[in-house]
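Working notes for the structure below.
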Amino acid sequence: MNPELSIIVPIYNEAPIISELYNRVTQSVSGITKSYEILFVNDGSKDSSIQELKKIATTDSHVLYINFSRNFGHQIAVTAGLHYAKGNAIVIIDGDLQDPPELIPELYAKYNEGYKIVGAKRVSRKGETFFKKITAKLYYRILKRITHVDIPVDTGDYRIIDKKVADAIRSMDEPDKYIRGQVAWTGFSTTFVYFERDERKFGKTGYSLKKMTKFAIDGITSFSSYPLKLASIFGFIVSGIAFLMVIYVLISKYILHTSVQGWPSLMLTILFLGGVQLICLGIIGEYLWRIMNAVRKRPLYVVEDTNIA
Ligand code: UDP
Ligand code: MG
């Protein structure tokens, strides 16, 4: 029989807090139902996370683990969790205790009111750098403007979703995952609960600037064609300016007879055009790479071992 609740927890180098994490999640969830599973996805941790998880799994049959062969990234870890989760409702929560497990009953209560998606919106983010806060704020607002999907602002992946939503996401085999976008794309009834985002209990973020940038671009390329259009908008503007320049050059040569000295304007034009062209090529490149990724159809992840039957 399917469990009522699945909890998906991606784990990347979280060994020192795993027992606290397990205790708090268990505490929180067992108050709601006895029919639950906790799915830890070990995303190629370099510390002893997997040993910790296996130890817990031997003592508690609610605990399932999926052990990746290497680091595939947070979004892929959550995707794997979704593939394996059997619950009627599914919670996605970070494993670093920045998403307080104590919020799960509140998420579940809203879910029981009939919402298929209940997101946890952060009213504040503690312990994050100013740079991260400001870029995140800006990013979500830009994303909202340029996508056709209503991706909620200031919401991470901490949420509860109905089985139907999970089924829809499972059927999307895009490799460059942007799960919060995919959830929003399904269009099921959505609401939010609000919380204060805690600091990381231990260690540092597993999202390097490089991973963060890729993630940010995935969000845009997966749900918006605006940057591609931006390339043509740039193109039109620059062509317009160039056309006016041509008229000016002709007039100055044949009517005003002011000889062209022209070096500065020439340089400016070349540099400007060069820049715009490179930007446009870059934008196309970002989409192209993702098309290649999708066409190759490699598996999203490789599982080394798991205790899921
Ligand atoms: N994580 C992961 N794979 C990665 C990076 C992170 O599974 O490559 C996990 C990590 O253990 C945590 C969650 O994803 O449970 C969120 O990551 P993190 O806290 O590093 O991101 P931040 O909160 O700084 O955005
Ligand atoms: Mg975190």
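In each ligand, atom 1 is the first atom listed, and ligand 1 is the first ligand listed.
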(request) Drop me the distance from Ile179's CD1 to Met172's CE, to the nearest 0.5 angstrom. (result) 10.5 Å

(request) Report yes if Met212 has an N/O atom closer than 3.5 Å to an N/O atom of ligand 1; otherwise report no. (result) no

(message) Below the 3.5 angstrom mark, is there an N/O of Lys211, backbone or side chain, next to an N/O of ligand 1?
(response) yes

(request) Record the part of Glu128 in heavy-atom contact with ligand 1 below 4.0 Å; permitted values are side chain, backbone, both and neither. (result) neither

(message) Give the atom numbers and elements of ligand 1 that come within less than 4.0 Å of a heavy atom of Arg197.
(response) 23 (O)

(message) Students should be able to answer this: which protein heavy-atom is nearest to atom 1 (N) of ligand 1, and at what distance?
(response) Tyr12 CB, 3.5 Å

(request) Before accepting this row, confirm whether a basic side-chain N of the pair Asp167/Arg170 lies closer than 4.0 Å to the acidic partner's carboxylate O. (result) yes

(message) Could you list the cluster mates of Ile217? Members are the ILVMFWY residues connected by side-chain heavy atoms closer than 4.5 Å, either directly or through other members.
(response) none

(message) Return the closest protein heavy atom for atom 21 (O) of ligand 1 as residue, atom name and distance.
(response) Tyr207 CD1, 3.2 Å

(request) Identify whether the distance between the nearest side-chain nitrogen and carboxylate oxygen of Lys121 and Asp154 falls below 4.0 Å. (result) no

(request) Identify the protein heavy atom lying closest to atom 14 (O) of ligand 1, giving its residue, its atom name and the separation to 0.1 Å. (result) His74 CD2, 3.0 Å

(message) For the CG atom of Asn13 and the NZ atom of Lys46, what is their distance to the nearest 0.5 Å?
(response) 6.0 Å

(request) Would you please indicate yes or no on a ring centroid separation below 6.0 angstrom for His148 and Phe223? (result) no

(message) For Lys34, is there an ion pair with Glu4 - N to carboxylate O distance below 4.0 angstrom?
(response) no

(request) Would you confirm whether the ring centroid of Tyr301 sits within less than 6.0 angstrom of the ring centroid of His83? (result) yes

(message) Just to verify, what does Ile279 make a side-chain contact (heavy atoms from CB on, under 4.5 Å) with, not counting sequence neighbours?
(response) Phe234, Ile283

(request) Using a strict cut-off of less than 4.0 Å between a Lys/Arg side-chain nitrogen and an Asp/Glu carboxylate oxygen, indicate whether Lys214 and Asp176 qualify as a salt bridge. (result) yes

(message) Check this for me: does any side-chain nitrogen of one of Glu106 and Lys110 sit under 4.0 Å from a carboxylate oxygen of the other?
(response) no

(message) As an exercise, identify every atom of ligand 1 less than 4.0 angstrom from a heavy atom of Gly73.
(response) 3 (N), 8 (O)

(message) Looking only at protein heavy atoms, which one is nearest to atom 23 (O) of ligand 1, and what is the separation?
(response) Gln98 OE1, 2.7 Å

(request) Please identify which atoms of ligand 1 are closer than 4.0 Å to at least one heavy atom of Lys132. (result) 22 (P), 24 (O), 25 (O)

(message) What I want to know is whether Pro10 and ligand 1 share at least one N or O pair that is separated by under 3.5 angstrom.
(response) yes

(request) Record the part of Asp43 in heavy-atom contact with ligand 1 below 4.0 Å; permitted values are side chain, backbone, both and neither. (result) side chain

(message) Salt bridge check, Arg290 against Asp218: does any charged N sit closer than 4.0 Å to a carboxylate O?
(response) yes

(message) Within ligand 1, which atoms have a heavy atom of Glu14 less than 4.0 Å away?
(response) 10 (C), 11 (O), 12 (C), 15 (O)

(request) Go through ligand 1 atom by atom and flag the ones less than 4.0 Å from a non-hydrogen atom of Asn71. (result) 3 (N), 4 (C), 8 (O)

(request) Any chance you could measure Phe40, atom CZ, to Glu52, atom CD, to the nearest 0.5 Å? (result) 11.0 Å

Atom pairs and distances, donor-acceptor, side-chain atoms in residues 64-72, under 3.5 Å, two or more places apart:
from, atom 1, to, atom 2, distance (Å)
Asn67, OD1, Asn42, ND2, 2.8
Asn67, ND2, Asp305, OD1, 2.9
Asn71, OD1, Lys211, NZ, 3.2
Asn71, ND2, Asp43, O, 3.0
Asn71, ND2, Asp43, OD1, 3.4
Asn71, ND2, Asp43, OD2, 3.0

(message) Within the 4.0 Å heavy-atom shell around Arg200, which atoms of ligand 1 are there?
(response) 18 (P), 19 (O), 20 (O)

(request) Pull out every atom of ligand 1 sitting under 4.0 Å from any heavy atom of Thr205, numbered as shown with elements. (result) 18 (P), 20 (O), 21 (O), 22 (P), 24 (O)

(message) Looking only at protein heavy atoms, which one is nearest to atom 19 (O) of ligand 1, and what is the separation?
(response) Asp96 OD2, 2.5 Å

(message) Give me the nearest non-hydrogen protein atom to atom 16 (C) of ligand 1 as residue plus atom name, then the distance to 0.1 Å.
(response) Asp94 OD2, 3.3 Å

(message) Less than 4.0 angstrom from a charged side-chain N to a carboxylate O is my criterion; do Lys177 and Asp157 meet it?
(response) no

(message) Short of 2.8 Å from the Mg ion (ligand 2), name each protein N/O/S atom, waters not counted.
(response) Asp96 OD2, Gln98 OE1

(message) Within ligand 1, which atoms have a heavy atom of Gly95 less than 4.0 Å away?
(response) 12 (C), 15 (O)

(message) For Glu102, is there an ion pair with Arg24 - N to carboxylate O distance below 4.0 angstrom?
(response) yes

(request) Note the single closest protein heavy atom to atom 20 (O) of ligand 1, along with its residue, its atom name and the distance in Å. (result) Gly206 N, 2.5 Å

